[in-house]
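Heads up, the thing below is written out as structure tokens.
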Amino acid sequence: MAQLKQPLVVYLNDSDNVAIAVTEIAAGTDIQVRDRHVIARAPISRGHKIAVSEIAAGAPVIKYGQSIGKSTSLIFPGDHVHSHNLTDHHEVESVIRSTAPPQAPPPMRRTFEGYVRADGRVGTRNYVAVLSTVNCSATVCHKVVQRFDEQRMRRWPNVDGVFAATHTTGCALALGSRKHQMIARTMAGYARHPNVGGRLIIGLGCEQNTPGYLAEHHGVVPLHAPDGKPITRDDRVPVLTMQTEGGSAVTIDHAETLVEQLLDRANEAKRSTVDASHLVIGVECGGSDGYSGITANPAIGAVSDRIVACGGTSIISETTELYGAEHLLCQRSRSPEVAQRLVDLIRWWQDYVAFYGGQLDNNPSIGNKAGGLTTITEKSLGAVSKSGLTALEAVYDYAERVTAKGLVVMDSPGFDPSSVTGKVAGGANLVLFSTGRGSCFGCKPTPVIKIASNSELFERMPDDMDLNAGEAIAGKTLDQLGDEFFEFALRVASGESTASERNGFGDHEFVPWTVGPVL
């Protein structure tokens with residue numbers, strides 16, 4: 001058979017015993033892998049793995065220069081390597097005694113056009129938020145927002161919109177419990193977010209998650225909602241309770257008046273030139289495939305490094321998708337204490353999932369596996385590349401306000417809406433989101449930049465994708481993509497719209513993660 005001139009696979013590391021197909025490969029195809037030839041023994045789908053050397057049964061399968069699991073049978077060169085002959089095998093280290101944080105990257109100085117808030121933080125957008133304390137007031141919140149359609153919003157040209165942040169809890173929980181703290185912390189993070197220029201809280205009146213609890217524990221100071229009088233305080237949040245107001249219809253009418261006042265005040269905000277050190281990015285991956293860990297995620301990591309070099313902050317979360325790669329972050333941690341905190345979270349997740357009869361390797365979805373990912377360790381090794389190469393400075397609880405500069409971890413599940421909700425509550429004013437299968441995620445009040453891991457996806461879903469990391473396969477370096485994506489991020493931070501914003505997405509993606517019983 002004549003040798004094909006164009007490379008058909010990507011070989012990531014000299015120690016790897018698998019390569020990744022970058023096109024559909026038919027059985028019998030002669031594939032050149034660096035200095036050797038391999039004949040495909042079976043069809044290999046794009047994004048999937050092909051063995052480039054013999055792998056004994058029970059031996060590690062190596063990708064990225066790391067073990068992604070163990071073979072369950074003898075694997076010959078040219079074999080398809082996937083769920084039928086590969087299983088996860090990862091052990092989490094118990095105690096971290098030393099770390100080796102890398103040197104800080106050379107400092108960069110860049111700017112963007114943002115909204116400077118009273119507390120010194122800077123927004124990339126200017127929204128008014130209507131937040132429910134409890135699910136019982138969720139419908140009322142959405143009906144209030146519905147009154148502010150696109151035509152009506154033309155009255156406030158400096159405001160990006162009005163959105164509702166509603167959820168499924170707020171009651172039937174123990175007062176002050178972990179579940180209560182998590183939902184309250186998330187609500188407080190959205191209420192005080194730098195992308196929010198005005199906020200209104202609506203409750204039912206008999207719930208556990210009261211405005212008083214938010215004030216006492218999370219600094220959201222309520223303001224008795226004035227009846228027709230202008231709102232003159234920026235440091236307090238107007239609150240309505242449906243039972244006190246006299247029912248849902250009256251509450252909606254009163255809320256409409258208050259939102260108009262909030263919009264008038266928010267409309268006074270203007271963008272100004274600020275240092276890029278005010279950027280707090282959340283890095284996320286969803287609908288991943290075999291390309292994600294070699295194109296889009298490392299390209300996001302390159303942007304993360306540039307943000308850190310500017311003095312900003314990068315938040316990586318999805319703790320369940322760090323399992324199997326946590327040792328790489330531990331090595332880069334600022335101190336053993338930071339690394340130990342991450343390891344302790346991983347171990348907590350192992351116990352938590354096991355309590356319900358699962359395991360962390362249940363994480364790769366059907367779509368992930370169809371795209372070429374087999375084990376959670378393989379998925380995690382690709383996912384962690386979103387963190388770039390800088391030192392890990394701190395580890396935060398879910399939705400906790402992030403104050404550290406540099407790279408940080410926030411505890412969260414891998415479920416995209418919950419993960420992003422936590423990062424936004426923590427202060428992320430920009431999100432970079434990679435996808436290989438085609439996620440259509442958006443999030444108000446924070447713009448989401450969608451990055452396709454492969455060119456086929458970018459061309460198939462052009463209305464949902466902002467950037468094409470598939471160009472890394474076509475010849476661009478990850479450093480080049482990092483520069484291009486960083487410049488785009490600065491433009492988005494300054495007001496350029498993203499695909500999800502143009503589609504009007506983000507009204508239903510507020511999905512707080514909570515842990516604990518429903519009472």
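Because the structure is predicted, anything quoted here is derived from the model rather than measured. The figures here come from the full heavy-atom set of this structure, side chains too, leaving out hydrogens, waters and symmetry mates.
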Which of Leu262, Leu240, Val162, Leu258 passes side chain to side chain contact (heavy atoms under 4.5 Å, CB included) with Val130? It is Val162

List the atom of Ser419, the atom of Ser317, and the distance in Å for their closest heavy-atom pair.
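Taking Ser419 first and Ser317 second, the nearest heavy atoms are OG-OG, 2.6 Å.
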
Between Ile281 and Ser304, the two heavy atoms sitting closest are CD1-CA, 4.0 Å

Within the 4.5 Å heavy-atom criterion, are [X] and [Y] side-chain neighbours or not?
X	Y	answer
Met187	Pro512	no
Lys179	Val518	yes
Pro447	Thr124	yes
Thr210	Thr133	no
Ser387	Val283	no
Ser292	Cys285	no
Asn209	Leu214	yes
Leu328	Gln331	yes

query: Hey, mind stepping through Asn158 and Asn126 against side-chain hydrogen bond (donor to acceptor under 3.5 Å, both in side chains) and telling me if it holds?
result: CA-CA 7 Å; Asn158 294 330; Asn126 189 31; over 6 Å; no

Fit a plane to each ring of Trp349 and Trp513, take the angle between them on a 0 to 90° scale, and name the class: parallel (under 30°), tilted (30 to 60°) or perpendicular (over 60°).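 Trp349 vs Trp513 ring planes: parallel.
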
In terms of the angle between their ring planes, are Trp348 and Tyr352 parallel, tilted or perpendicular, with boundaries placed at 30° and 60°?
parallel

Check salt bridge (charged side-chain N to carboxylate O under 4.0 Å, His left out) between [X] and all other residues, then give those that pass, not counting sequence neighbours.
X	value
Arg155	Glu260, Asp264
Lys450	none
Arg460	Glu456
Glu321	Lys379

Name every donor-acceptor pair, under 3.5 Å, that has one atom in a side chain of residues 136-143 and the other anywhere in the protein, sequence neighbours excluded.
| from | atom 1 | to | atom 2 | distance (Å) |
| --- | --- | --- | --- | --- |
| Ser137 | OG | Val134 | O | 3.0 |
| Ser137 | OG | Ile202 | O | 2.8 |
| His142 | NE2 | Thr166 | OG1 | 3.0 |

Distance to the ring centre below 6.0 angstrom and angle to the axis at most 45 degrees; does that hold for Arg125 and Tyr127?
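The answer is no; the distance or angle limit is not met.
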
Determine whether Glu326 and His90 satisfy the following criterion, side-chain hydrogen bond (donor to acceptor under 3.5 Å, both in side chains), listing intermediate values before the conclusion. CA-CA 11 Å; Glu326 78 283 344; His90 176 71; 2.8 Å; yes

dist Met465:CE -> Ser500:OG (nearest 0.5 Å) comes out at 9.5 Å

d(Thr320 OG1, Phe415 CZ) to nearest 0.5 Å is 11.5 Å

Set out, in order, the CA-CA distance, both residues' side-chain angles and the distance that settles side-chain hydrogen bond (donor to acceptor under 3.5 Å, both in side chains) for Glu337 and Ser335, then state yes or no.
CA-CA 5 Å; Glu337 291 74 21; Ser335 67; 3.3 Å; yes

Query - Over 12 non-hydrogen atoms of neighbours within 6.0 angstrom of CG in Leu175 - result: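 Atom CG in Leu175 is packed in, count exceeds 12.
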
side-chain contact (heavy atoms from CB on, under 4.5 Å) filter on Arg121, not counting sequence neighbours, yields Asp119, Arg192, Pro194, Arg401

